[in-house]
Amino acid sequence: MRINQRTTVLASSALLAGLLAACGAPSSPNSQAGAATTGEVPQKPTKPVVLNVLDVAGNLQLTQGMIDDFVKQHPDVISRVTYSKAPAPDLVGKIKAQQGAGRVDIGLVLTGTDGLSAGAEQGLWQQLLPTFAPRLSNMSTYQEPAAKMQELGGNNGVTVTYYPSGPLLEYMPDKVPNAPTSAEELLAYAKANPGKVEYARPANSGPGRTFLMGLPYILGDKDPKDPVNGWAKTWAYLGELGKYINNYPTGTTQTMKDLGNGTVNIVASTTGWDINPRVLGTVPESAKVSTMKGFHWVTDAHYAVIPKGASTDQQAAVLQLVQFMLTKEQQAKAYDDGYFYPGPAVKDVDISMAPQKSQDAIKKFGRPEYDKLIADNPKEVPLDNKSMVAAFDKWDREVGGSKVEK
């Protein structure tokens, strides 16, 4: 099922990752021709390359059409593309194994902040900026929130898709005629309806961690960026809410199934997790969403990164490809079926520019209120990786670890 790709687990490698800043470990040599990463990267490959793309974020749902278009238009740069997917926790081990063997055959990785930071901590990625900034001039057209996600990502990766994310509450109106519009109302509903409110373990769920990171703004905590010393209200609230939650699923997909089959009435959600499961039929079309008083968006993005050890020809090809992906025409494909809604990272990409299939899906399953919600509410970057790991650890120990579904 398509939406399964949205749930990425920050397991051991990512949990040990530090901040998103670049690490300068030396690269492993590659035995292929033109592979020395310390050599000059040509403007164009010496011959068309076969590009192997690894996706650990479900990003190909948004960008494969862009990549395929580039190959059609530039067969002199990329002759063929192979695609593979893996869970985010497997990324570091897979890349390190290739670098250790001195033969890196993955030329492009598509990842979220988790894989980006985990690899950066161990020095696995080529530092793309500022060295190649002139070749990536379309980065200057980022929307402001996408530009902030780029700052969070550091110099190792390039933001290729962006969305405001959440936290949203998604509910069935026949079960919840008066949806909660504040944290206090959500708690009161959970208390009056034990077992009917649900969110997934934050370390395993985009909506789960967006809910976790969004609450400090909603509750007016001392420092929303410091989960250890600045979230007193949030931890107290989550502890109280947890008294009325039966269990915490290990992924978002299960929460959507539970909402769809009536097991629960309210779940934590995001724009993409609201729209795409209704497109797929996992959740009834009639489901609604609400926000809570004090709501701030906690944003999210996907990145393109190049592993150290990739040949200079591969690097040249990827730089051209990423520049192409950041054109307005190609960014319009990121609307997809609402999976990362809206999706484009650059400015001035309207839904009318998207493929007809995307336009039809958004017309039927999108929400008119999203435009106003996105325009009128503050947008915050997520926690840096070190702080996020600390928040996950505290949640597991003090809030819901004993109730996580096995």
Side-chain angles (χ1 to χ4, degrees), residues 20 22 40-45 48-49 51 53 55 57 59-78 81 107-113 116 120 125-164 299-307 310 312-336 339-355 358 374 379 381:
L20 292 168
E40 183 177 349
V41 177
Q43 291 291 327
K44 180 180 176 180
V49 303
L51 181 64
V53 178
D55 176 20
N59 178 262
L60 284 172
Q61 296 173 199
L62 312 174
T63 61
Q64 184 170 340
M66 306 178 194
I67 299 170
D68 290 344
D69 265 8
F70 181 86
V71 175
K72 289 176 184 177
Q73 295 180 34
H74 300 278
D76 55 332
V77 178
I78 298 176
V81 179
L108 171 63
V109 174
L110 299 169
T111 179
T113 56
L116 176 68
W125 312 133
Q126 282 288 91
Q127 203 168 58
L128 300 179
L129 301 169
T131 304
F132 299 115
R135 302 196 203 184
L136 298 168
S137 58
N138 286 335
M139 293 176 70
S140 66
T141 67
Y142 280 146
Q143 301 181 54
E144 183 182 357
K148 289 182 178 179
M149 289 301 296
Q150 179 61 41
E151 292 176 11
L152 182 71
N155 295 331
N156 295 281
V158 176
T159 300
V160 290
T161 51
Y162 151 82
Y163 87 131
T299 60
D300 200 1
H302 290 156
Y303 302 85
V305 300
I306 300 175
T312 53
D313 276 354
Q314 294 240 351
Q315 293 177 59
V318 170
L319 290 169
Q320 282 201 39
L321 169 62
V322 172
Q323 174 76 342
F324 176 86
M325 291 168 69
L326 292 177
T327 62
K328 292 181 182 179
E329 178 185 9
Q330 296 303 317
Q331 283 283 296
K333 294 183 173 71
Y335 278 98
D336 185 57
Y339 163 75
F340 214 63
Y341 183 82
V346 306
K347 294 181 287 189
D348 302 324
V349 182
D350 187 77
I351 184 63
S352 64
M353 302 166 65
S358 296
I374 292 170
K379 299 168 189 69
V381 295

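Owing to the predicted nature of the structure, the values given are computational and were not obtained by experimental measurement. One-based numbering along the sequence shown.
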Just how far is it from atom OG1 of Thr159 to atom CD of Gln143, taken to the nearest 0.5 Å?
->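 Answer for the OG1-CD pair, Thr159 versus Gln143, is 11.0 Å.
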Are the side chain of [X] and the backbone of [Y] linked by a donor-acceptor contact shorter than 3.5 Å?
{"X": "Asp55", "Y": "Leu60", "value": "yes"}
{"X": "Tyr142", "Y": "Met149", "value": "no"}
{"X": "Gln150", "Y": "Gly157", "value": "yes"}
{"X": "Gln320", "Y": "Gln43", "value": "yes"}

Check step by step if side-chain contact (heavy atoms from CB on, under 4.5 Å) holds for Thr63 and Met325.
-> CA-CA 8 Å; Thr63 61; Met325 291 168 69; 3.8 Å; yes
Are [X] and [Y] close enough that some pair of their side-chain heavy atoms sits under 4.5 Å apart?
{"X": "Tyr303", "Y": "Thr113", "answer": "yes"}
{"X": "Val322", "Y": "Leu128", "answer": "no"}
{"X": "Val158", "Y": "Leu326", "answer": "yes"}
{"X": "Gln64", "Y": "Val81", "answer": "no"}
{"X": "Thr141", "Y": "Met139", "answer": "no"}

Are a donor atom and an acceptor atom from the side chains of Gln323 and Ser137 found within less than 3.5 Å of each other?
-> yes
Single hit among Tyr163, Tyr162, Tyr335 for ring pair (Phe, Tyr, Trp, His ring centres under 6.0 Å) with Phe340 |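 Among Tyr163, Tyr162, Tyr335, the one meeting ring pair (Phe, Tyr, Trp, His ring centres under 6.0 Å) with Phe340 is Tyr163.
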Would you say Lys379 has more than 12 foreign heavy atoms packed within less than 6.0 Å of its NZ?
->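 More than 12 within 6.0 Å, yes.
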Please check if atom CD in Gln73 has more than 12 non-hydrogen atoms from other residues, nucleotides or ligands closer than 6.0 Å.
->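 Yes, the 6.0 Å shell around CD holds more than 12 heavy atoms from other groups.
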Just one of Val41, Leu108, Val49 clears the side-chain contact (heavy atoms from CB on, under 4.5 Å) bar with Gln315, so which one?
-> Val41
Positive for side-chain contact (heavy atoms from CB on, under 4.5 Å) with Lys333, one of Asp69, Thr161, Val349 |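 Checked Asp69, Thr161, Val349 against Lys333; only one passes side-chain contact (heavy atoms from CB on, under 4.5 Å): Asp69.
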Parallel, tilted or perpendicular, as decided by the 30° and 60° cut-offs, for the rings of His302 and Tyr339 = tilted
